[in-house]
Amino acid sequence: MKLLHKKSFLKIAAMGLMVSSAGLWWGCTEHFEEMNTSKTKLTSLGKDELPFLFSRAEQQASYAGGTYQIAQNLFADLYAQYFATSATYFPSDRYVMRFDWLTGHWNPIYTQVVPQLKTIMSSVEPTSAEYALTDIMWVFAFHRLTDYYGPIPYFDAGEPARSVKYDPQDKIYEDFFKRLDAATTILKGKTAEKPYGNFDLIYGGDVNKWIKFANTLRLRLALRISKVNPAEAKKQAEAAYAGGVMTDMADAAFMVKNLAGDDHNGLGRIAIWNEFRMSASMESVLKGYDDPRIGIYFQPATATGTYEGLRNGLLPAQLNQAGNGNNDNSNVGTRWATGSGAAWTSQLTVPQDIIHTSEAYFLRAEGALNGWNMGGTAQELYEEGIEMSMRQWGITNDAAIQAYINSSKTPVAPGDPLNSPALSNIPVKWDPASTEAVKREQIGTQKWLALYPDGIEAWAEFRRTRYPKLYPVVSSDNADLPAGSFIRRIPFLDLEKQTNGDAVKAAEGLLNGPDKASTPLWWDKN
């Protein structure tokens, strides 16, 4: 499609305004309303249209097929080291900031999520189940946004203004907790209702499951602030647990996907493009633990029939070396793509992972280690988390699950061209006599495995906990991130500096340092 030049567009728009204005002066004003009402646009919303808006907000909050690659895969998925790029033309694996790509992460929230949710909020009663679900989806969408950048336009998001101010992350998190508490309070009295019905792409309007979703999200966010505000974290975590978090496989959140409206599974779409492969970090852990999920998360490399991964941050010349090609390394599992070599087929309608039940157990395990009331010991919850993740991915043999939980195996050297060492030396098996640091690493490592393929959450948790221990990128092309360091945030976007410059300048004062990728977020105390 040929785009209209910006200056030409502005001229045509101005001419249109002049013609309209002239018509009002020169013509009869008797039919003013009729003349100024669009014959094609939706000018009013009724009750029947609101479910469509909620569906769109759900879809865009988790980045639909068209934006998944530039919103998540080329940034958070790489920084979490689920994958490494195998294409020489993707420098983001070497910490190069491609702000033109990152608009795919930023824009959908403000153009596709906020307008839909605010329209619903202005159209339904604040005490309704529909309103409560919009609050939950608001928090889900915005926590993934703020955890990329830190301060963002939040409280005034969607307001008609030439400049929209940025808000500090601690105040944004305060509002998250208020919204989730209010939403679950409302929903407890609405369990017989079915808000949005089948237009709810996650739970089909099941209020009981939405309560567990909201409380699990609240628990996630409570752990996120546990180093910067431990007292508030404890309060929020215990309230979330008491309110009821995910405990069964049926509680897990997956979003229905289809081929209409660019709503296919994003990972499935891009898995056939031969541009990324399993990371060496995943290889070290999955192989070392003899983890049965390896054959579900990934496929054997075409050339070797074995599971192989790449180090993150390889230079183009290194990617062209023997052993680093696409056929030499593992693509994602058959859930997302089938085939081999250059012939792959996308699985576009597989549901998209939103929140797994196993995460709730690992969050509770860490909370128990903190001394919080999480309904079990750290060991019990850690082991239940492993079992839940295994069962979710189709591993149901009790003996195999228990063998894994009690395994003393440790990560191994991936055997890559760089002779990388083993990622760590911790086993899966929990030893009550181990140090607290070892226990935290075990919880963090197993949670990282269970979160797959949600790189946005995995990257946030790595920054907060520094677990699992990941390989430094081989080469950094970002002067703010010297060798051996890890990226801490995404700097403010060029688009925002061009269109909302005064607000961005003010937002720099809300950071813990300069507007650089090396500046930690408010909750990142490592």
Side-chain angles (χ1 to χ4, degrees), residues 57 61 106 109-110 113-114 117-118 121 126-127 131-159 161 164-188 210-211 213-245 355 360 363 366-367 370 372-374 456-457 460-461 463-465 488-490 492 503-504 506-513 519-526:
W106 182 273
I109 304 304
Y110 291 107
V113 177
V114 169
L117 296 184
K118 294 198 79 168
M121 289 175 180
T127 56
Y131 195 103
L133 263 60
T134 62
D135 257 344
I136 297 169
M137 190 49 55
W138 180 279
V139 174
F140 177 78
F142 270 108
H143 96 282
R144 289 155 64 89
L145 194 74
T146 185
D147 287 347
Y148 255 42
Y149 312 95
I152 55 171
Y154 179 77
F155 291 104
D156 292 343
E159 295 299 315
V164 183
K165 70 179 177 64
Y166 282 54
D167 299 295
Q169 196 172 36
D170 61 331
K171 298 303 180 184
I172 294 171
Y173 264 71
E174 284 181 16
D175 191 65
F176 287 165
F177 292 125
K178 289 177 183 177
R179 286 177 182 265
L180 293 175
D181 181 60
T184 52
T185 299
I186 291 170
L187 292 178
K188 286 175 185 175
W210 272 109
I211 291 172
F213 180 98
N215 283 320
T216 301
L217 181 56
R218 188 177 183 179
L219 181 59
R220 172 192 281 184
L221 300 178
L223 267 296
R224 191 85 93 241
I225 68 169
S226 58
K227 290 186 178 181
V228 68
N229 193 343
E232 183 66 15
K234 180 178 186 291
K235 171 187 168 183
Q236 295 295 336
E238 290 184 343
Y241 167 66
V245 297
I355 296 182
L363 292 169
E366 185 180 350
N370 293 343
W372 304 346
N373 179 12
M374 293 284 102
I456 289 181
E457 181 58 22
E461 283 295 86
R463 286 175 286 163
R464 179 182 72 85
T465 66
R488 311 295 283 269
R489 64 181 284 271
I490 303 294
F492 296 134
V504 173
E508 292 176 4
L510 303 176
L511 294 169
N512 295 319
T519 296
L521 298 186
W522 162 71
W523 46 255
D524 179 357
K525 292 301 178 182
N526 290 298

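In terms of heavy-atom proximity, Pro151 sits nearest to Ala507 at CG-O, 4.3 Å. The nearest pair of heavy atoms linking Ala141 to Val113 is CB-CG1, 4.0 Å. Across all their heavy atoms, Ala222 and Gln236 have their closest contact at CB-CB, 3.9 Å. Shortest non-hydrogen contact noted between Leu219 and Ala237 is CD1-CB, 3.7 Å. The two residues Ala503 and Lys165 come nearest to each other via the heavy atoms CB-CA, 4.0 Å. Listed here is the closest heavy atom pair of Ala240 and Val245: O-CG1, 3.5 Å.
Using a 4.5 Å heavy-atom threshold, the side chains of Val139 and Leu221 count as touching. Taking the side chain as every heavy atom from C-beta outward, Thr184 and Phe213 never approach each other to under 4.5 Å. When side chains are defined from C-beta on, Asp147 does not count as touching Ile456, because their heavy atoms never get closer than 4.5 Å. By the 4.5 Å heavy-atom criterion applied to side chains, Glu366 and Leu223 are counted as neighbours. Under the 4.5 Å side-chain criterion, counting only non-hydrogen atoms from C-beta, Leu510 is not in contact with Trp522. Between His143 and Arg220, the closest side-chain pair of non-hydrogen atoms falls below 4.5 Å. With contacts defined as side-chain heavy-atom distances shorter than 4.5 Å, the pair Leu511/Arg489 qualifies. Two residues are said to be in side-chain contact when any heavy atoms from C-beta on lie closer than 4.5 Å; Ile136 and Trp210 meet this criterion.
At least one donor-acceptor pair under 3.5 Å links the side chain of Lys118 to the backbone N or O of Ala157. Using a distance-only test at 3.5 Å, with no hydrogens or angles considered, a donor-acceptor pair links the side chain of Gln169 to the main chain of Thr146. Panel note: side chain Tyr110, backbone Pro153; a donor-acceptor pair is recorded below 3.5 Å. Within the 3.5 Å criterion, the main-chain N or O of Arg464 finds a donor-acceptor partner in the side chain of Asn526. For the pair Glu238 (side chain) and Asn373 (backbone), a donor-acceptor distance under 3.5 Å is present. Judged by distance alone, the side chain of Asn229 and the main-chain N or O of Ile225 form no donor-acceptor pair under 3.5 Å. Panel note: side chain Asn512, backbone Pro520; a donor-acceptor pair is recorded below 3.5 Å.
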Check the pair Asp175 / Arg179 against salt bridge (charged side-chain N to carboxylate O under 4.0 Å, His left out), numbers first and verdict last.
CA-CA 6 Å; Asp175 191 65; Arg179 286 177 182 265; 2.6 Å; yes
Could you go through Leu180 and Asp135, starting from their C-alpha distance and side-chain angles, then the distance that decides it, and tell me whether this counts as side-chain contact (heavy atoms from CB on, under 4.5 Å)?
CA-CA 7 Å; Leu180 293 175; Asp135 257 344; over 6 Å; no
Evaluation steps, side-chain contact (heavy atoms from CB on, under 4.5 Å), between Val114 and Phe142
CA-CA 10 Å; Val114 169; Phe142 270 108; 3.6 Å; yes
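The ring-ring contact (aromatic ring centres under 6.0 Å, His included) test with Tyr166 is passed by exactly one of Tyr154, Tyr149, Phe155, Phe492: Phe492. The one candidate from Arg463, Arg488, Arg224 that meets the salt bridge (charged side-chain N to carboxylate O under 4.0 Å, His left out) condition with Asp524 is Arg488.
Classification of the Phe177-Tyr173 ring pair by plane angle, with boundaries at 30° and 60°, yields perpendicular.
Around NZ of Lys178, the count of heavy atoms belonging to other residues, nucleotides or ligands within 6.0 Å does not exceed 12.
Separation of atoms OG1 (Thr185) and CD1 (Ile211) is listed at 9.5 Å; rounding is to 0.5 Å. Atom CD1 of residue Ile490 and atom CG of residue Leu145 lie 11.0 Å apart, to the nearest 0.5 angstrom.
Applying the salt bridge (Lys or Arg N to Asp or Glu O under 4.0 Å) criterion to Arg218, with sequence neighbours excluded, gives Asp181.
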